[in-house]
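Taking it in order: structure first as structure tokens, then the write-up.
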Amino acid sequence: MIPFRKMHGLGNDFVVVDDRRTTLGVTPARAAAAADRHRGIGCDQFIVLEQPGEGADVFMRIYNPDGSEAEACGNATRCIASLLMAETGRDRVVVRTLRGDLPCERLADGTISADMGPPSLEWQDVPLARAMDTAHLPMELGAVSDPAACSMGNPHVTFFVGDLDGLDWQAIGPRAEHHALLPARANIGFAQVMDTDHIRLAIWERGAGPTLACGSGACATLVNAHRRGLTGRRARIDLPGGTLTLEWRLDGHVLMAGPVATAFLGQFDWDSLAA
Ligand SMILES: N[C@H](CCC[C@H](N)C(=O)O)C(=O)O
């Protein structure tokens, strides 16, 4: 049997397996089977801990429920950082991901902060299908249009909307995710700017659909809101599952802080998931 830990940040939930001293045989299909909420354990992302090599405390691999691999996941970064902090007794750890090394810190109030690195604002880096200004994409989908895009290692598109509650964003999300301008698909944010330091945000995640929160999406939203002159460099971002505190530092790095939790521990085997 394979032991796992079920964790979440603001209800963005993860199955975490530790493959640092074992070879569990994780494949995209197996990760997808474990993430299935009806036939598996169920989660927004399936997280595999691996040996990092020099310079980091752990390598974190991230699978979406459709089996695709994500380069970044802000909430899982914070969850895994808290695990490593408990393991090492330290209040600072470095989580290595496909996106790079992300330094994390336990703050005085017990929340976990992650340095998600600088965004990429070039169209090739998002990536977009052709050269354009990433602050204004020629994309119109029913009630929403003119989004901004950036990469936090993974691709994000942000629509700024007047009234989030009145918007059927779950219908627009999958159409935007698969839009022809987005060759690697993208995570799609719907942001209502309440004030220059306060945003309400709903996210349609690439490969996962609607989630209660998305950390990298919150980072991208602050970046895009500031580029559009809608907010300052710090904001509280309210997601369906709770609140994240964001700062786009002057050195370009985006910092994101919020709570993490372990819901339960369990065990499973690949064969019963495949049934
Ligand atoms: N929930 C994650 C993001 C997962 C991103 C994934 N859906 C992708 O394909 O990029 C977060 O907290 O940042």
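One-based numbering, in listed order, for ligands and for the atoms of each.
Under a 4.0 Å heavy-atom criterion, A208 is not in contact with ligand 1. In this structure, T211 does not count as a contact residue of ligand 1, since none of its heavy atoms falls inside 4.0 Å of the ligand. Heavy-atom separations between P155 and ligand 1 are all 4.0 Å or longer. Ligand 1 has at least one atom lying under 4.0 Å from a heavy atom of N187.
Of the protein's heavy atoms, R206 NE, 2.7 Å lies nearest to atom 9 (O) of ligand 1. The protein heavy atom nearest to atom 2 (C) of ligand 1 is C73 SG, 2.9 Å. The protein heavy-atom contact nearest to atom 5 (C) of ligand 1 is N154 ND2, 3.4 Å. Closest protein heavy atom to atom 12 (O) of ligand 1: G215 N, 2.7 Å. Nearest protein heavy-atom contact of atom 6 (C) of ligand 1 is N64 OD1, 3.3 Å.
Checking only distances, E71 never comes within under 3.5 Å of ligand 1, N or O to N or O. Not one N or O of C214 is nearer than 3.5 Å to an N or O of ligand 1, by distance alone. Note: no N/O pair closer than 3.5 Å links G217 and ligand 1 by distance alone.
Using a 4.0 Å cut-off between charged side-chain N and carboxylate O, E69 and R61 make a salt bridge. Taking 4.0 Å as the cut-off between side-chain N and carboxylate O, E54 and R96 do not count as a salt-bridged pair. Taking a cutoff of 4.0 Å between a charged side-chain nitrogen and a carboxylate oxygen, D44 and R37 qualify as a salt bridge. Of the charged side-chain nitrogens involved, none lies within less than 4.0 Å of a carboxylate oxygen, so that R234 and D197 do not count as a salt-bridged pair. Between R185 and D66 there is a salt bridge, since a side-chain N of the basic residue sits under 4.0 Å from a carboxylate O of the acidic one.
Within 6.0 Å of the CZ atom in R92, the count of heavy atoms belonging to other residues, nucleotides or ligands does not exceed 12.
Counting heavy atoms closer than 4.0 Å to ligand 1, residue A72 contributes backbone atoms (N, CA, C, O) but none from C-beta onward.
Across R228, E140, M139, a single residue satisfies side-chain contact (heavy atoms from CB on, under 4.5 Å) together with D146, and that is R228.
For the pair V15 and K6, the minimum side-chain heavy-atom distance is below 4.5 Å. Side-chain contact check for P147 versus F160: every heavy-atom pair is 4.5 Å or farther apart.
Taking a cut-off of under 4.0 Å to the non-hydrogen atoms of N12, the atoms of ligand 1 that pass are 1 (N), 2 (C), 11 (C), 12 (O). Short contacts between ligand 1 and G74, defined as distances under 4.0 Å to a heavy atom of the residue, involve ligand atoms 11 (C), 12 (O), 13 (O). Against a heavy-atom cut-off of under 4.0 Å, S216 is close to the following atoms of ligand 1: 3 (C), 11 (C), 12 (O), 13 (O). Near A70, meaning under 4.0 Å from any of its heavy atoms, are these atoms of ligand 1: 6 (C), 8 (C), 9 (O), 10 (O). Taking every heavy atom of N75 and a limit of under 4.0 angstrom, the matching atoms of ligand 1 come to 11 (C), 12 (O).
Remark: the D125 side chain and the S151 side chain contain no N/O donor-acceptor pair separated by less than 3.5 Å. For the residue pair N224 and T221, no side-chain donor N or O sits within less than 3.5 Å of a side-chain acceptor on the partner.
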